[in-house]
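Heavy atoms only: backbone and side chains are in, while hydrogens, waters and symmetry mates are out. What you are looking at is a predicted structure, and each value in this text was computed from that prediction instead of being measured. Chain identifiers are assigned alphabetically (A, B, ...) following the order of the sequence lines, protein sequences preceding nucleic acid strands; residue numbering begins at 1 within each chain.
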Protein chains: 2
Amino acid sequence: MPDEDVVVPKVGIRDVARAAGVSVTTVSHVLNETPHTRTSEATRDRVRSIARDLGYTPNRLARGLRTRTSDMIGLLTEEIATTPHAGRIILGAQEEASRHNLTLAIINSHLDAGADARRADARALIERQVDGIIYATVFHHEVSVPRELRAVPAVLIGALDRQGVVPAVLPDEASGAADLVALLVDAGHRRIAFANSSIEVPATQGRLVGYLRGLEEAGIPRDDRLIASGVSEAAGGYEASLELLDREDRPTAIFCYNDRMAMGAYRAAQELGLRIPDGISIVGFDDQAPIAASVYPALTTVALPHYEMGAWAVATLTRLVQSSSTSWYRSTHPTWLPCPVVLRESVAQINR
Amino acid sequence: MPDEDVVVPKVGIRDVARAAGVSVTTVSHVLNETPHTRTSEATRDRVRSIARDLGYTPNRLARGLRTRTSDMIGLLTEEIATTPHAGRIILGAQEEASRHNLTLAIINSHLDAGADARRADARALIERQVDGIIYATVFHHEVSVPRELRAVPAVLIGALDRQGVVPAVLPDEASGAADLVALLVDAGHRRIAFANSSIEVPATQGRLVGYLRGLEEAGIPRDDRLIASGVSEAAGGYEASLELLDREDRPTAIFCYNDRMAMGAYRAAQELGLRIPDGISIVGFDDQAPIAASVYPALTTVALPHYEMGAWAVATLTRLVQSSSTSWYRSTHPTWLPCPVVLRESVAQINR
DNA sequence: AGAGGTTGCCAAAAGGTTTTGGCAGAGCGG
DNA sequence: CCGCTCTGCCAAAACCTTTTGGCAACCTCT
C-alpha cells in the first residue's frame with residue numbers, strides 16, 4: 001500500500017512561474033536573491049510561498065550547467081581511506097564543505113593501481129565539473145600530481161608537490177615531537193630514549209628531527225645509544241624497548257615512534273617488572289583512536305591534525321576558486337599544521 | 001612561469017564533431033557506443049581518435065541533465081563519520097560505486113543537529129539529483145527515515161526502517177557472538193563469563209543473545225553470576241572483570257562486549273597475576289582497528305562487516321534504481337551480514 | 001526499372017536553469 | 001504634453017548533452 005506516495009511529477013522553476021503568474025526569470029531572481037534586480041516585495045512573497053507550497057526542488061545539475069560551477073569538490077584519497085585516520089580527514093573536509101554549501105565527492109585510489117588509474121580517477125572528478133580537487137596521500141613524499149589536476153584548482157594533503165605549484169598541508173611532526181620531549185624534560189627526565197620506526201618515511205625523519213631538537217633546546221647532549229628502531233608495530237616497539245631498557249644506565253623515558261610501538265614498549269616494561277609511569281615513562285605518537293585512551297595507564301601522545309587538514313584543504317580550495325583563475329597556481333609554501341600533545345597518564349614526574 | 005599552461009578553452013562534443021566533419025549526434029553515438037545505431041567503422045575510428053587528440057572531456061552535468069540520472073549516489077552518515085569504523089563503510093561504498101561507474105557524494109549529519117538538519121541534508125543530495133541515497137547510522141535503532149528519502153531509492157545501514165519499506169543491512173552480532181562462544185567451547189572452556197556494556201543499544205542485546213545461544217548450543221546452562229556489565233570502555237571492562245574474577249570458582253574465559261572493555265579485562269588479569277591466555281582467556285568484539293592486533297597477547301575478537309555493509313548498500317541501491325521505479329519500495333526483510341571471528345592469541349586450549 | 005530493405009548519417013528538440021538585454025508603464029519636472 | 005528616469009517584469013539565448021525521427025543514397029530482387 002503505497003500510502004500517499006502518488007508519483008509526484010517533478011516541479012520545476014517553470015511550474016512555479018506559471019502558478020505565480022510571472023516569468024521564470026523572476027522566479028529565478030527571487031529564489032536566488034539575485035542582487036541588482038528589481039522585484040516588488042509583493043511578488044517576491046508570492047513566488048516564495050508558491051515555491052514552498054509546490055515543493056519546488058531546484059535541480060543543481062541544470063544550475064551547474066548554466067553557471068559553469070558545480071559547487072562540488074572532489075576528494076581523491078590515495079589508499080588513505082584504508083587507514084583509521086582517513087575518517088577524520090574526510091570528516092574535516094566534509095564539514096568545512098557543508099559550511100560553504102559545497103558537496104564532497106570522494107574517490108579512493110589504490111596505491112598499487114598505478115598512476116594511470118589515479119589519472120582516470122582525477123578525470124572522473126573533472127568530468128563531474130568539480131570546482132576543485134583535494135588530493136590526499138598517506139605518506140608525504142614529494143609527489144608529482146597527475147597532470148589532469150592542473151585543469152582545476154587543487155590542494156594536497158600529506159604530500160608536497162614536486163613542482164611547488166600546488167598548495168599543500170602537512171602535519172608539523174617535528175614540532176609535535178619536540179613538544180613531547182619538552183614535556184618529558186619538564187617532568188624531570190633527561191635520559192630520554194627514542195624508539196623510531198625502521199622504515200624510511202617522512203614521518204620517521206620528522207619525528208627524529210623533533211626529538212633531537214627537543215633535546216637540544218633542553219641542553220641535553222645527543223646520545224645515539226638512546227636511539228633504537230624497529231618495525232612500526234607493537235612487535236618493533238617491544239624489541240626496541242627491550243634493547244633500550246636492557247642496560248645499566250637505562251633511560252627514564254621512552255618516546256615511541258607511534259602508539260602501536262608504544263604498546264610494545266608497555267609489554268617490554270611489564271616483562272621487566274617496570275611499572276608505568278613510575279618505573280618508566282612512555283609516550284607515543286598519532287593518538288590513534290581507541291588505543292591511546294584504552295590502554296593502562298592511558299598513553300600520553302601527540303595527535304595528528306587530520307580533521308584540521310581536511311578542513312584546511314577545502315577552505316583554501318574555496319579561496320583558490322574565488323580568486324582569479326589565472327593566479328591560483330602561484331607558488332606557495334606548504335602549510336604545516338600543529339600536532340598537539342595529548343596529556344594522559346603514562347609520564348611520571350621524577351626528581352632531578 | 002605558467003609553462004604550457006595556456007588556458008585551454010574547454011572542448012565539447014561540438015568541437016569534436018566539427019573537427020571530424022560529422023554531426024554531434026554521431027559523436028555522441030560513437031563515444032557512448034549506443035547500441036542499435038549504425039556508423040561505419042571508419043567514422044568511428046576517426047571520431048574516437050579526434051576526441052582523444054582534442055582531449056575531449058565529457059560534461060557529466062550536461063549528460064545528467066539530459067538523461068535524468070546523475071550516476072551519483074549519496075551517502076548520508078548520521079554522526080557515524082566520527083567513529084573509527086566509518087572509514088570502512090565509506091570505503092566499501094566507494095569501491096562498489098567505482099565498480100558501477102558511480103560517484104559517491106557524502107554528507108555527515110550531526111546527531112544533535114536534529115531531524116530538520118538531516119532533512120535538509122537529504123534534500124541537498126536530492127537537489128544534486130543523486131540516483132539513490134544510503135542512510136547510515138551508528139546504532140541500529142528503528143528509525144523513521146526522513147520523508148524526503150521517499151523521493152528517491154534509499155537503503156539503510158545499521159538501522160531498521162520503522163515502516164519496513166526501506167531495505168536495510170545490519171551486522172549479525174548475535175551469530176558472531178555465538179561463534180565466539182563456540183570457539184571458546186571448542187577450546188575446552190565451559191565457565192565462560194560475559195562482560196556486557198551497561199548502556200542499552202541494540203548491540204548490547206544482540207551480543208548477549210548470541211552469548212546465550214552459544215552456551216545453549218553447547219549444552220552449558222546459563223549462570224547469571226557469570227554475566228556482569230560496565231561502561232563500554234576500558235574502565236568498565238576492568239571493573240566487570242575484577243568482579244567476575246574475584247571468586248572461588250572463577251571463569252576460565254571472559255567474553256567482553258567490545259575490544260575496549262577487553263583492554264580493561266587485560267589490566268584486571270594482570271593485576272590479579274593471571275597470564276593471558278593461560279590463566280584466563282579473553283575475547284572481545286569489533287576488531288577495532290589497531291587495538292586488537294597491537295595488544296599483547298593479540299586479541300581474538302569478532303569483526304564487524306563495515307566494508308561489506310557499505311558495498312552491499314550501493315549494490316542493492318543500483319539494483320533498486322535499475323528495477324522499475326514503481327516497485328522499489330516493496331517491503332523487504334533486513335539483511336544480516338555475518339561478523340567473522342578473528343582468531344588471534346588470547347584464547348588458550350584447556351583440558352576439560 | 002521499380003519496389004523494398006539497409007546503411008550511414010543528420011537536424012532539431014529536449015532537459016532545467018541563469019543571464020542578457022530589453023520593453024512597457026508609471027512618475028516627475030518642465 | 002514632452003522627455004526623462006525609474007520600476008517591475010519578461011523573452012530568448014545559452015550551458016552541453018542525448019535522443020527522436022527521418023532522409024538520402026545505395027543495394028538487391030523481381
Notebook entry, point to check: Starting at the 5' end of DNA chain C, which residue's closest nucleotide do you reach first, B:Thr26 or A:Asn32?
Noted result: B:Thr26
Check: Does a side chain donor of either A:Asp71 or A:Thr69 reach within less than 3.5 Å of an acceptor in the other side chain?
Finding: yes
Notebook entry, point to check: Separation of A:Leu61 atom CG from C:dG15 atom C1', in whole Å?
Noted result: 10 Å
Checklist line | No-H, no-angle donor-acceptor pair, A:Arg66 side chain to C:dT17 base, under 3.5 Å | finding: no
Note to self: Of the options D:dT18, C:dC10, C:dT17, whose atoms approach the side-chain atoms of B:Val24 most closely?
What the structure shows: D:dT18
Next item on the list: Would you indicate what A:Thr69 reaches in the nucleic acid, counting non-hydrogen atoms under 4.0 angstrom: base, sugar-phosphate, or nothing?
Entry: nothing
Note to self: Counting the atoms with a prime plus P, OP1 and OP2 as sugar-phosphate, which does A:Arg63 contact under 4.0 Å by heavy atoms, base, sugar-phosphate, or nothing?
What the structure shows: sugar-phosphate
Item checked: For atom CG of B:Leu31 and atom C1' of D:dT19, their distance in whole Å -> 16 Å
Margin query: I'd like to know if B:Arg319 and B:Glu96 make a salt bridge, using a cut-off of under 4.0 Å between side-chain N and carboxylate O.
Written below: no
Next item on the list: Quickly work out the A:Lys10 NZ to C:dG16 P distance and round it to whole Å.
Entry: 10 Å
Check: Within this structure, what is the CG-to-P distance between B:Leu65 and D:dT18, rounded to whole angstrom?
Finding: 11 Å
Checklist line | Among C:dA11, D:dT18, C:dT7, the nucleotide that comes nearest once only the side chain of B:Thr25 is considered | finding: C:dA11
Next item on the list: Output every pair passing salt bridge (charged side-chain N to carboxylate O under 4.0 Å, His left out) with a member in residues 125-136 of chain A, not counting sequence neighbours, ordered by first then second residue.
Entry: A:Glu127-B:Arg60
Next item on the list: With the side chain of A:Thr39 defined as its heavy atoms from C-beta on, choose the nearest nucleotide among C:dT18, D:dC9, D:dT17.
Entry: D:dC9
Next item on the list: For A:Thr43, report the nucleic acid contact type (base, sugar-phosphate, nothing); a contact means any heavy atom under 4.0 Å.
Entry: sugar-phosphate
Next item on the list: If a pair satisfies salt bridge (charged side-chain N to carboxylate O under 4.0 Å, His left out) and one of its residues is in residues 17-31 of chain A, list it, with sequence neighbours excluded.
Entry: A:Asp15-A:Arg18
Margin query: Rounded to whole Å, please give me the gap between NE2 in B:His36 and C1' in C:dT7.
Written below: 16 Å
Checklist line | Presence of B:Ser40 side-chain N/O under 4.0 Å of C:dC9 phosphate oxygens OP1/OP2 | finding: yes
Check: Should the pair A:Arg118-A:Asp121 be classified as a salt bridge under the 4.0 Å nitrogen-to-oxygen rule?
Finding: no
Margin query: Tell me the interatomic distance from A:Arg128, atom CZ, to D:dC15, atom P, rounded to whole angstroms.
Written below: 22 Å
Item checked: B:His29 side chain, from C-beta outward: closest of C:dC9, D:dC10, D:dT20 -> D:dT20
Item checked: A:Glu33 atom CD, neighbour heavy-atom count above 12 within 6.0 Å -> no
Note to self: As a test of reading the structure: which of D:dC10, D:dC9, C:dG16 is closest to the side chain of A:Asn59, going by heavy atoms?
What the structure shows: C:dG16
Next item on the list: Would you kindly give the CD-to-P distance between A:Glu127 and D:dC16, to the nearest whole Å?
Entry: 15 Å
Next item on the list: Describe the nucleic acid contact of B:Ser28 in one word from base, sugar-phosphate, nothing, applying a heavy-atom distance below 4.0 Å.
Entry: base
Notebook entry, point to check: Taking OP1 and OP2 of D:dC16, is either one under 4.0 Å from a side-chain nitrogen or oxygen of A:Arg68?
Noted result: yes
Notebook entry, point to check: Within the pair B:Tyr56 and D:dC16, is there a side-chain N or O less than 4.0 Å away from OP1 or OP2?
Noted result: no
Notebook entry, point to check: The side chain of B:Arg14 lies closest to which of these nucleotides: D:dT19, C:dT18, D:dC15?
Noted result: D:dC15
Next item on the list: Would you kindly give the CD-to-P distance between B:Glu41 and C:dC9, to the nearest whole Å?
Entry: 11 Å
